[in-house]
Asker: 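My questions all concern the structure below.
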Amino acid sequence: MSNRVCIKKGLLTVMGVKFVGIMEYPTRFSMCVRSKTTSAQYVASRFRDPTFEKLMDNYKNLVKVISIQDLILANPRNPSVSIDFLSKLSQKLHLNRGPIAFLRKFPHIFDIYYDQSKLKPFCRLTDAALGVTRQEAVAINASLPVVVERLVRILSMSASRMVPLRAVFKVWKELGLPDDFEDSVISANSGIFQLCDGHEQNTHLLKLVDGVSSNGIRAAVEDWRVVECCKEDCSVDRMEMQFSFKQGYPPGMRLSKNFKAKVKEWQRLPYVGPYEQPGEKRKSKAGMIAMEKRAVSIVHEFLSLTVEKMVEVEKISQFRKWFGIDLNIRDLFLDHPGIFYLSTKGKRHTVFLREAYERGCLVEPNPVYDARRRLLDLVVLGRRGLPAVNSKLQDSSSCNEDRQEENQQRHDLSPS
């Protein structure tokens with residue numbers, strides 16, 4: 001059938017637009033047009049929060065810095081990496097102007113030197129950067145009991161009390177797990193965790209051992225409700241607070257009366273908590289809303305378990321099936337801007353737990369976060385704080401490199 005439908009006294013074109021009819025005869029009825037919004041358009045139309053966007057501007061470089069740092073620390077005997085090796089990985093690491101130009105932007109983190117024996121330039125970490133890595137390692141080792149509890153909570157949110165090990169590998173840094181967590185956490189706590197063979201080849205499932213009880217585990221949002229209800233100046237009805245989530249919107253976002261009314265109505269709706277077993281799924285409107293609110297509670301709890309209260313959407317999607325979330329998880333974040341914030345900086349979609357942040361910092365920091373924040377501070381510092389002579393020399397050398405790069409590009413584009 002053609003995508004063009006011609007009607008007398010009017011032309012109707014079907015091009016990704018949903019129409020409810022228009023005809024002059026035999027009867028008359030009105031026409032309603034609703035544009036079909038794609039996922040990309042929905043993401044682009046969200047209200048941007050300048051505080052989180054500025055934070056993600058710095059995180060874009062931090063992700064690249066951590067990738068190079070991991071390559072350097074992968075060789076414990078001689079923690080360094082050759083510039084030639086980084087050049088081969090430039091595209092994968094998104095070093096658009098090459099490794100040397102990127103490394104020179106962060107002299108407080110990276111030290112470039114020439115190895116006389118190998119006749120090659122190498123890169124190593126500065127003393128300040130090495131101090132940060134040691135601080136993070138000490139903090140992670142000291143928080144092993146907390147890490148065990150985090151894994152128990154994540155497995156308890158799954159109806160089968162198990163999740164794929166590859167999904168845990170995706171978020172091991174976000175959860176504050178040590179590099180060798182398979183041995184230091186899973187194998188060392190064999191009375192709590194168990195590795196099982198998955199249905200697919202070369203896949204394993206992490207499971208809670210039978211007999212390990214998850215009763216008494218309370219979600220983070222429930223702790224917030226208790227604190228709010230105990231406040232003397234609490235003006236919210238206790239019954240209304242029973243199923244509520246903390247809401248906070250970016251400055252400048254205008255909330256219509258209709259939107260406020262819908263949020264208030266949604267806050268009052270009962271739902272099954274993240275650690276409770278869901279009942280049979282209902283396809284009614286009320287059942288779909290309850291399923292959505294439970295999905296919000298699961299994602300809210302998952303984010304509260306991470307070290308920095310943030311995670312990439314692609315990583316948390318690995319748990320969607322095991323948590324019983326049948327919704328588009330990206331749209332879930334966009335539908336609740338008062339609880340979550342979705343950023344698309346750095347060619348990745350990252351979601352933040354809005355209530356956990358204030359002015360771009362965690363409200364309740366932890367030792368692992370403090371160490372990672374120190375590394376972010378070194379990234380933000382850039383070339384500042386260096387002696388004036390050295391900074392001028394580095395600036396001039398980088399300018400010369402830029403000019404040489406531009407000349408090379410012009411030469412390549414010029415006709416032979």
Asker: Is the side chain of Lys293 donor-acceptor paired with the backbone N or O of Leu269 at a distance under 3.5 Å, no angle test?
Answerer: yes
Asker: Run the salt-bridge test on Arg124 and Asp111 with the 4.0 Å N-O cut-off and return the result as yes or no.
Answerer: yes
Asker: Is the backbone of Val307 close enough, under 3.5 Å, to the side chain of Asn366 for a donor and an acceptor to pair up by distance?
Answerer: yes
Asker: Is the backbone of Leu95 close enough, under 3.5 Å, to the side chain of Lys64 for a donor and an acceptor to pair up by distance?
Answerer: no
Asker: Nearest 0.5 Å please: distance from the CG atom of Leu255 over to the CD atom of Gln247.
Answerer: 9.5 Å
Asker: Counting only heavy atoms from other residues, nucleotides and ligands, does the tally under 6.0 Å from CE of Met253 exceed 12?
Answerer: yes
Asker: Hey, could you give me the CG/CG distance between Asp335 and Leu342, rounded to the nearest 0.5 Å?
Answerer: 11.5 Å
Asker: Between Ser187 (side chain only) and Glu182 (backbone N and O only), is there a donor and an acceptor less than 3.5 Å apart?
Answerer: yes
Asker: I need the Met56 CE to Thr350 OG1 distance, nearest 0.5 Å.
Answerer: 4.0 Å
Asker: Please round to the nearest 0.5 Å and tell me the distance separating atom CD1 of Ile100 and atom OG of Ser87.
Answerer: 6.5 Å
Asker: Out of the candidates Arg354, His300, Glu292, only one should pair with His336 under the side chain to side chain donor-acceptor pair (under 3.5 Å) rule; please name it.
Answerer: Glu292
Asker: Answer yes or no: are there more than 12 heavy-atom neighbours, outside Asp127 itself, under 6.0 Å from its atom CG?
Answerer: no
Asker: Ignoring hydrogens, what is the shortest heavy-atom contact between Gln69 and Phe110? Give both atom names and the distance.
Answerer: N-CE2, 4.5 Å
Asker: Quiz question: by atom type and distance under 3.5 Å, do the side chains of Tyr357 and Glu308 form a donor-acceptor pair?
Answerer: no
Asker: Look at the side chain of Thr126 and the backbone N and O of His108, then say whether any donor-acceptor pair between them is shorter than 3.5 Å.
Answerer: yes
Asker: Are Asp70 and Lys173 close enough for a salt bridge, meaning some N to O gap below 4.0 Å?
Answerer: yes
Asker: Hey, does the side chain of Ser158 reach the backbone of Leu155 with a donor-acceptor pair shorter than 3.5 angstrom?
Answerer: no
Asker: Side chains of Leu303 and Val311, heavy atoms from C-beta outward: is any pair under 4.5 Å?
Answerer: yes
Asker: If I compare all heavy atoms of Ile154 with all of Phe302, which pair ends up nearest, and what's the gap?
Answerer: CD1-CE1, 4.0 Å
Asker: Got a second to check how far Ile109's CD1 is from Leu62's CG, nearest 0.5 Å?
Answerer: 7.5 Å
Asker: Not counting sequence neighbours, list each pair that qualifies as a side chain to side chain donor-acceptor pair (under 3.5 Å) and has a residue in residues 134-157.
Answerer: Gln135-Arg374, Glu136-Arg372, Glu149-Arg153, Arg153-Tyr275, Arg153-Glu301
Asker: Main chain of Met310, side chain of Glu174: is a donor-acceptor contact present, judged purely on distance under 3.5 Å?
Answerer: no
Asker: Please report whether the ring centroid of Phe193 lies less than 6.0 Å from that of Phe181.
Answerer: no
Asker: Donor-acceptor pair, Asn78 side chain versus Ser80 backbone, under 3.5 Å?
Answerer: no
Asker: Hey, mind stepping through Glu53 and Arg48 against salt bridge (Lys or Arg N to Asp or Glu O under 4.0 Å) and telling me if it holds?
Answerer: CA-CA 7 Å; Glu53 291 299 307; Arg48 289 171 176 77; 5.2 Å; no
Asker: Whether the side chain of Arg161 engages the backbone of Val212 through a donor-acceptor N/O pair (distance < 3.5 Å, no angle test) should be reported.
Answerer: yes
Asker: When rounded to the nearest 0.5 angstrom, what distance separates CD1 in Ile325 from CZ in Phe319?
Answerer: 11.0 Å
Asker: Would you find a donor on one side and an acceptor on the other, under 3.5 Å apart, between the side chain of Lys321 and the backbone of Gln318?
Answerer: no
Asker: Per the ring pair (Phe, Tyr, Trp, His ring centres under 6.0 Å) rule, which among Phe52, Phe340, Tyr59, Phe333 passes with Phe352?
Answerer: Phe52
